[in-house]
Amino acid sequence: VPSILSDIPPHLEINSLEHTSSIIFNVRNTESLVKELNNLNKNNYEVMSQGSKSVITNYLNARLMSDKYQSSYLTILNK
């Protein structure tokens, strides 16, 4: 499912993984959110869905995240 994300740093990081996965709105501007909600129908939903799937499959799934944490812990322990 495509995402509509605010422009806070963690959301921008997710969006940077695959720009087609989400739409960004200005968190301090409700009109920006309304605009993006209205534009969602105009965007290619299938392309956005594939982008979202790519983010989960390639970056944010449980296995990959677990491996990254384990690697970080091992680095800390070996110092």
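In this text the structure is predicted, and so the values were computed from the model without any measurement. Starting from 1, each residue takes its place in the sequence as its number. Just so you know, these numbers use all the heavy atoms, side chains as well, and skip hydrogens, waters and symmetry mates.
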Determine yes or no for a side-chain-to-main-chain donor-acceptor pair under 3.5 angstrom, with [X] supplying the side chain and [Y] the backbone.
X	Y	value
Ser71	Asp67	no
Ser72	Lys68	yes
Asn61	Thr57	yes

* Asked: Can a donor-acceptor pair be found between the side chains of Gln50 and Ser54 at a distance below 3.5 Å?
  ->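 No, because no side-chain N or O of Gln50 sits under 3.5 Å from a partner of the opposite role on Ser54.
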Would [X] end up clustered with [Y] when hydrophobic side chains under 4.5 Å apart are linked, directly or stepwise?
X	Y	value
Tyr45	Leu37	no
Leu5	Ile23	no
Ile24	Leu17	yes
Val34	Leu40	no
Leu60	Tyr69	yes

* **Validation row: Pro2, Ser21 side chains within 4.5 angstrom (heavy atoms)** =>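 Contact flag for Pro2/Ser21 side chains = no.
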* Could you name each residue pair satisfying salt bridge (Lys or Arg N to Asp or Glu O under 4.0 Å) that touches residues 45-61, not counting sequence neighbours? =>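 Listed by first then second residue: nothing to list.
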* Does any pair with a residue in residues 2-26 pass salt bridge (Lys or Arg N to Asp or Glu O under 4.0 Å), and if so which ones, sequence neighbours excluded? ->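 Qualifying pairs: none.
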From [X] [atom1] over to [Y] [atom2], what is the distance, rounded to the nearest 0.5 angstrom?
X	Y	atom1	atom2	answer
Ile8	Asn26	CD1	CG	12.0 Å
Ser6	Asn15	OG	CG	11.0 Å
Leu12	Ser22	CG	OG	9.0 Å

* side chain to side chain contact (heavy atoms under 4.5 Å, CB included) with Phe25: which of Glu36, Lys35, His11, Glu31? ->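 Going through Glu36, Lys35, His11, Glu31 one by one, the side chain to side chain contact (heavy atoms under 4.5 Å, CB included) with Phe25 is satisfied by Glu36 alone.
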* **Ser52 to Ser3 - nearest heavy-atom pair and separation** =>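 What the structure gives for the nearest pair is OG-N, 4.3 Å.
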* How close do Leu64 and Tyr59 get, heavy atom to heavy atom, and via which atoms? ->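 Heavy atoms only, the tightest pair is CD1-N, 3.8 Å.
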